[in-house]
Amino acid sequence: MEIGKSYSPEEIEDKWYEFWEREGMFQPRQDMQGEPFSIVIPPPNVTGSLHMGHALNATVQDVLSRWKRMLGYRVLWLPGTDHAGIATQNVVERELAKESIDRHRLGREEFINRVWQWKAEYGGKIIHQLKKLGASCDWSRERFTLDEGLSQAVRDVFVRLFEEGLMYRDSRLINWCPRCHTALSDLEVEYEETDGRLYYIIYPLADGPGALTVATTRPETMLGDTAVAVHPEDARYKNYIGRMIRLPLAGRLIPVVADESVDMQFGTGAVKITPSHDFNDEATARRHNLPFLNVMTEDGHMNSEAGAVYAGLDRTACRRKVVEDLKLLELLDSEKKHKHSVGHCYRCKTVIEPFDTIQWYVKIESIAKEAIAAVQEKRIHLIPEGWENNYFGWMRDIRDWCVSRQIWWGHQIPVWYCPDCATSEGHLQGELIEHIFFEPFGLRDGLEIAGGTYAELRRKGMSHADIAASSKIIRIPRQVKPLCSRTDLTACPSCGSGQILRDPDVLDTWFSSALWPFSTLGWPDETPDVKAFYPTSVLVTGFDILFFWVARMIMMGLKCTGEVPFRDVYIHALVRDAKGQKMSKSKGNVVDPLTMIDRFGADAFRFSLAAFAAQGRDIRFSEERVEGYRHFINKLWNATRFMVGYTEFRSVVAPSAAELAADTRNSWILSRLSHCADDVNRNLGAYRFNEAANSIYHFIWHEFCDWYLELVKPDLYGDDAAKKRVVADCLFFVLERVVLMLHPFMPFVTEELWQRVLEKKKSITHAAFPCDLPCYPEAERRMTLVLDIISGIRSIRGELNINPSLEITVQMKTLNDDALEAVEENRASVIKLTRCRDLQTGRNVSRTKGSAMFVTDSVVGYIPIEGLLDLDAEIARLGKEKAKVEEAIAFFNKKLMNEDFLKSAPKNIVEKDRAKFEELARKNDKIADNLNLLKTIQ
RNA sequence: GGGCGAUUAGCUCAGUGGGAGAGCGCUUCCUUCACACGGAAGAGGUCGUAGGUUCAAUCCCUACAUCGCCUACCA
């Protein structure tokens with residue numbers, strides 16, 4: 001078997017991925033053996049491409065999936081993407097804008113066709129990228145939130161909630177994005193500290209002299225004011241309560257009301273109330289039964305209610321004009337700089353507008369209670385646990401979820417309205433439904449019409465279809481009865497009219513994402529996948545979508561299936577740049593995972609991410625680390641290359657660990673291997689990926705390569721075939737298990753080593769993960785003794801700068817038979833590793849007067865250095881060591897002199913410390929002896 | 001305003017109620033037949049500050065400082 005001098009990832013990665021996919025390696029095992037283990041991927045946006053967050057997220061899931069697969073579980077890792085309603089629609093609308101096409105002109109159906117076309121062409125780029133990373137997803141089960149089955153699940157849940165009264169329409173202020181032209185949920189608003197201005201405006205009393213001055217950051221909204229509020233206890237304003245004000249610019253009369261929510265300290269202590277354009281004011285207005293006056297349009301312009309002077313102005317232009325006009329009237333008292341936080345649309349960063357609309361809401365309180373209980377009762381574990389408080393805090397404070405969006409790309413709400421039916425008050429519903437056209441509709445008589453009520457438009461001769469196709473906005477008041485249905489309605493169930501209107505809105509993308517853990521498995525049907533894989537085992541995600549997604553999945557899972565959607569939630573860190581900054585396109589500090597894969601290979605990149613993934617802290621990504629792990633792979637590669645040279649000496653039938661253990665070096669490394677495997681299994685089970693990765697790293701590099709490989713070289717280089725066989729068998733035994741343990745982290749190189757180099761017949765993906773290997777504590781003890789001796793000698797060589805090519809004599813006085821045996825057993829190794837010409841051992845070895853010295857627990861060794869080096873260096877070295885030992889002696893002495901310590905500390909601790917003290921004291925004596933000797937001959 | 005987390009070697013970070021750890025970087029030596037993407041040996045830290053609990057604190061508690069993050073209706 002030929003093997004290259006260094007590892008080249010680019011040559012093998014694609015090959016193995018194709019092999020795995022072709023062979024169906026990532027599908028759950030068909031023999032139905034093994035406990036199920038399932039993960040659904042957090043569906044990335046279909047518009048997205050792989051970033052570091054995805055890479056970490058996918059790596060963690062893949063490590064878990066591959067590990068469990070090797071442990072014999074029936075593993076399903078289900079991949080897919082979500083349709084990202086607003087984001088995707090924005091992308092396609094921008095495309096259309098280049099051709100000057102408005103989606104309304106195109107029509108809903110045709111627009112959605114275009115989006116599907118776009119998706120077919122550009123969407124799902126991320127899927128390909130996940131494959132580059134090595135993700136072992138079952139692609140045959142890939143899902144998309146707009147798939148038929150998932151759409152059915154969405155509709156089913158909507159209807160269910162509707163029927164239970166948990167899905168309702170309501171009129172209230174929501175966060176509105178005037179650019180995306182849709183409602184947003186509370187979570188979709190990003191607040192940002194902004195330098196604004198606080199304007200002090202004089203509001204004159206209508207019924208006499210005097211005025212109130214109010215402070216506002218948004219003067220343009222004054223056009224919608226319907227009151228001024230002061231605190232009831234505010235002495236300054238007590239006399240104003242109940243009086244009327246003539247609202248400047250508008251001329252309306254508005255009352256002064258008393259409300260405890262007013263902060264007397266802020267501004268002037270008098271606050272203008274704009275119920276339709278401010279969340280606080282909305283609440284105040286409801287308490288005082290104040291009228292709501294909407295002065296804006298859906299796209300952020302002033303409407304006719306704002307007055308003829310301002311109607312049609314953009315909200316920022318209007319602000320300027322209002323301020324100007326107030327100045328002219330001398331009603332602008334003053335203005336000053338003011339820092340405050342302003343909400344922006346998380347998709348397009350436009351300043352959001354609190355806007356009074358009718359939307360669909362999910363009544364969340366009862367569902368949230370269940371979701372809190374599930375975590376409290378530990379039916380769901382959040383890992384790290386620290387996130388629980390965050391979760392509880394948010395869930396207890398939760399408000400009803402606004403789920404309707406005024407866009408087209410998504411799951412259209414399964415609700416219809418009949419214009420021909422009457423409301424319970426007896427009004428014809430068609431008279432209440434209001435249409436606004438995206439462009440004037442030309443009637444036969446040449447007149448153009450911009451909109452109107454449904455009934456009115458029909459009377460003017462427009463057809464039902466024309467009305468529906470021309471509408472940009474349809475306002476359907478709450479009195480109009482919603483007809484909710486699992487199947488598409490073509491006629492009104494009560495009056496039979498075929499001319500019914502469908503609710504134009506679609507559902508929040510997160511609504512469908514909330515069903516992801518079960519809708520992807522085929523729910524609401526009781527499919528075999530649902531039975532086998534639900535609830536899923538673990539969800540792996542970042543904390544940034546804990547509320548957006550995780551909390552909602554828990555709520556919907558419990559609500560729809562009666563079960564938790566997953567048992568564990570592993571919440572990983574955010575990947576930052578090397579300086580700790582959040583990666584963002586605008587900062588230009590994003591690291592592209594694919595670039596990392598190109599440069600270092602997917603395995604090194606993945607291993608880095610796993611090694612970085614300590615719980616509870618953000619990750620600072622550094623390329624140097626990735627490079628380091630590439631070196632690590634190269635190390636393993638070369639160790640393998642070395643070993644392959646001894647393949648021919650292996651036994652025909654690979655021996656068991658017990659047979660190998662006859663040799664102490666073997667039993668030692670097997671024991672270390674066993675500890676390593678335990679560490680890896682335990683740490684992976686506890687989601688401590690960094691610990692698991694470090695454990696393997698350390699074992700391979702520092703125990704297997706640095707020690708074992710070097711220890712057995714004398715045998716491999718020798719002529720004794722039997723000895724060669726003993727160590728060659730062990731080398732391969734360890735290598736195979738090491739490769740297996742690395743596989744979840746480094747799938748590509750391990751498969752290459754497994755199949756091509758170790759010439760295994762089947763893929764490593766389903767090979768058994770090492771666990772419960774035998775331990776040999778006695779061998780560990782004995783080898784530690786030998787390794788200490790080697791280190792002691794090397795330390796002298798290093799510190800005294802004895803040339804490596806120079807062979808030395810070692811006079812080693814063993815303090816007990818055990819030590820003598822251990823050294824004799826490993827004589828060849830000790831000689832080789834210390835470049836020693838003459839190794840004298842025994843209880844009574846003679847010692848040369850001018851010698852360097854080392855002390856271990858069980859031996860005192862002397863290296864004659866006369867002629868090798870000047871004595872001063874050794875005297876200095878020993879002096880330094882003596883100082884260290886004395887420091888330690890002082891530490892333990894102080895402890896052991898303390899009666900409270902002897903009285904209160906556990907016996908084993910006291911004993912341990914006493915033993916250490918005595919050992920140090922002996923060591924100190926030996927060093928002192930030698931120092932004196934050296935000084936005498938100096 | 002509320003909450004959470006961090007503070008350990010030059011850098012990035014693990015970690016534990018009983019003599020401080022890793023990786024990288026640094027210093028010295030070595031192109032010895034797996035690997036210079038390497039080997040060997042070193043240097044380097046009153047574990048943020050001040051108190052407290054304990055026989056014993058880097059670890060537990062309290063306060064403070066600095067830096068992050070999340071959250072909130074500062075009009």
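Numbered from 1 within each chain, the chains take letters A, B, ... in sequence-line order. Basis for what follows: all heavy atoms, side chains included, without hydrogens, waters or symmetry-related copies. Predicted model, so just to flag it, every value in this text is computed and none were measured.
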Indicate whether any N or O donor in one side chain lies under 3.5 Å from an N or O acceptor in the other, for A:Thr856 and A:Asp788.
->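 Result is no, nothing qualifies.
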Distance only, no hydrogens: is a donor on one side chain within 3.5 Å (strictly under) of an acceptor on the other, for A:Glu188 and A:Tyr346?
-> yes
What distance, rounded to whole Å, do you find between the two [atom1] atoms, one in [N] and one in [M]?
{"N": "B:rG48", "M": "B:rA65", "atom1": "C1'", "result": "8 Å"}
{"N": "B:rG2", "M": "B:rC55", "atom1": "C1'", "result": "41 Å"}
{"N": "B:rC59", "M": "B:rG18", "atom1": "P", "result": "11 Å"}
{"N": "B:rA9", "M": "B:rC70", "atom1": "P", "result": "27 Å"}
{"N": "B:rA40", "M": "B:rU46", "atom1": "C1'", "result": "32 Å"}
{"N": "B:rG68", "M": "B:rG10", "atom1": "C1'", "result": "23 Å"}
{"N": "B:rU58", "M": "B:rU7", "atom1": "P", "result": "15 Å"}
{"N": "B:rU28", "M": "B:rG21", "atom1": "P", "result": "25 Å"}

For nucleotides 4-12 of chain B, read 5' to 3', which letter fits each nucleotide if B means a protein heavy atom sits under 4.0 Å from the base, S means only the sugar-phosphate is that close, and - means neither?
-> --SS----S
Base, backbone or nothing for each nucleotide of nucleotides 26-37 of chain B, written B, S, -, heavy atoms under 4.0 angstrom, 5' to 3'?
-> --SSS---BB-B
Touch check for [X], heavy atoms < 4.0 angstrom, all strands: base, sugar-phosphate only, or nothing?
{"X": "A:Leu920", "value": "base"}
{"X": "A:Phe891", "value": "sugar-phosphate"}
{"X": "A:His338", "value": "sugar-phosphate"}
{"X": "A:Val262", "value": "base"}
{"X": "A:Arg877", "value": "nothing"}

Residue closer to the 5' end of RNA chain B, A:Ser791 versus A:Pro906 (nearest nucleotide) |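 Closer to the 5' end of RNA chain B: A:Pro906.
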So which one's nearest nucleotide on RNA chain B is more toward 5', A:Asp281 or A:Asp397?
->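 Upstream on the strand: A:Asp397.
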Which word best sums up how the rings of A:Tyr240 and A:Tyr237 line up, parallel for under 30°, tilted for 30 to 60°, or perpendicular for over 60°?
->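 Ring orientation, 0 to 90° scale: perpendicular.
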Using 30° and 60° as the class limits, which term best fits the ring planes of A:Phe632 and A:Tyr629: parallel, tilted or perpendicular?
->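 Judged by the thresholds at 30° and 60°, the geometry between A:Phe632 and A:Tyr629 is perpendicular.
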Salt bridge (charged side-chain N to carboxylate O under 4.0 Å, His left out) between A:Arg650 and A:Glu736, intermediate numbers included | CA-CA 13 Å; A:Arg650 297 176 66 188; A:Glu736 282 178 22; 3.5 Å; yes
From [atom1] of [X] over to [atom2] of [N], roughly how many Å is that when rounded to an integer?
{"X": "A:Glu691", "N": "B:rA14", "atom1": "CD", "atom2": "P", "answer": "10 Å"}
{"X": "A:Leu187", "N": "B:rC70", "atom1": "CG", "atom2": "P", "answer": "13 Å"}
{"X": "A:Trp387", "N": "B:rU71", "atom1": "CH2", "atom2": "C1'", "answer": "12 Å"}
{"X": "A:Asn175", "N": "B:rA72", "atom1": "CG", "atom2": "P", "answer": "11 Å"}
{"X": "A:Phe548", "N": "B:rU71", "atom1": "CZ", "atom2": "P", "answer": "9 Å"}
{"X": "A:Trp394", "N": "B:rG3", "atom1": "CH2", "atom2": "C1'", "answer": "16 Å"}
{"X": "A:Trp707", "N": "B:rG38", "atom1": "CH2", "atom2": "P", "answer": "19 Å"}
{"X": "A:Ile790", "N": "B:rG39", "atom1": "CD1", "atom2": "P", "answer": "16 Å"}

Between A:Phe605 and A:Phe600, ring centroids under 6.0 Å =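 Judged by ring-centre distance (under 6.0 Å), A:Phe605 and A:Phe600 do not meet the cut-off.
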Counting only side-chain N and O atoms of A:His702, is one of them less than 4.0 Å from OP1 or OP2 of B:rG23?
-> yes
Contact under 4.0 Å: A:Lys884 side-chain N or O vs B:rA43 OP1/OP2 =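 Result: yes.
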Is atom [atom1] of [X] surrounded by more than 12 heavy atoms (other residues, nucleotides or ligands) closer than 6.0 Å?
{"X": "A:Asn908", "atom1": "CG", "value": "yes"}
{"X": "A:Glu10", "atom1": "CD", "value": "yes"}
{"X": "A:Arg399", "atom1": "CZ", "value": "no"}

If I compare all heavy atoms of [X] with all of [Y], which pair ends up nearest, and what's the gap?
{"X": "A:Ala602", "Y": "A:Ile597", "answer": "N-CG2, 3.8 Å"}
{"X": "A:Arg797", "Y": "A:Arg835", "answer": "NH1-O, 2.9 Å"}
{"X": "A:Pro248", "Y": "A:Leu326", "answer": "CB-CD2, 4.1 Å"}

Is the NZ or CZ atom of A:Lys713 positioned over A:Phe642's six-membered ring, under 6.0 angstrom from the centre and within 45° of the axis?
->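 Relative to the ring axis of A:Phe642, which defines the angle, A:Lys713 lies inside both limits.
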Base-pairing string, 5' to 3', of RNA chain B - Watson-Crick or wobble, under 3.5 Å, | interstrand | (((((((..((((....[..)))).(((((.......))))).....(((((..]....))))))))))))....
Nearest-0.5 Å distance that lies between atom CD1 in A:Ile273 and atom CZ in A:Phe292 = 10.5 Å
Among the nucleotides B:rG19, B:rC55, B:rG42, which one has an atom lying closest to any side-chain atom of A:Ser904?
->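 So the nucleotide nearest the side chain must be B:rC55.
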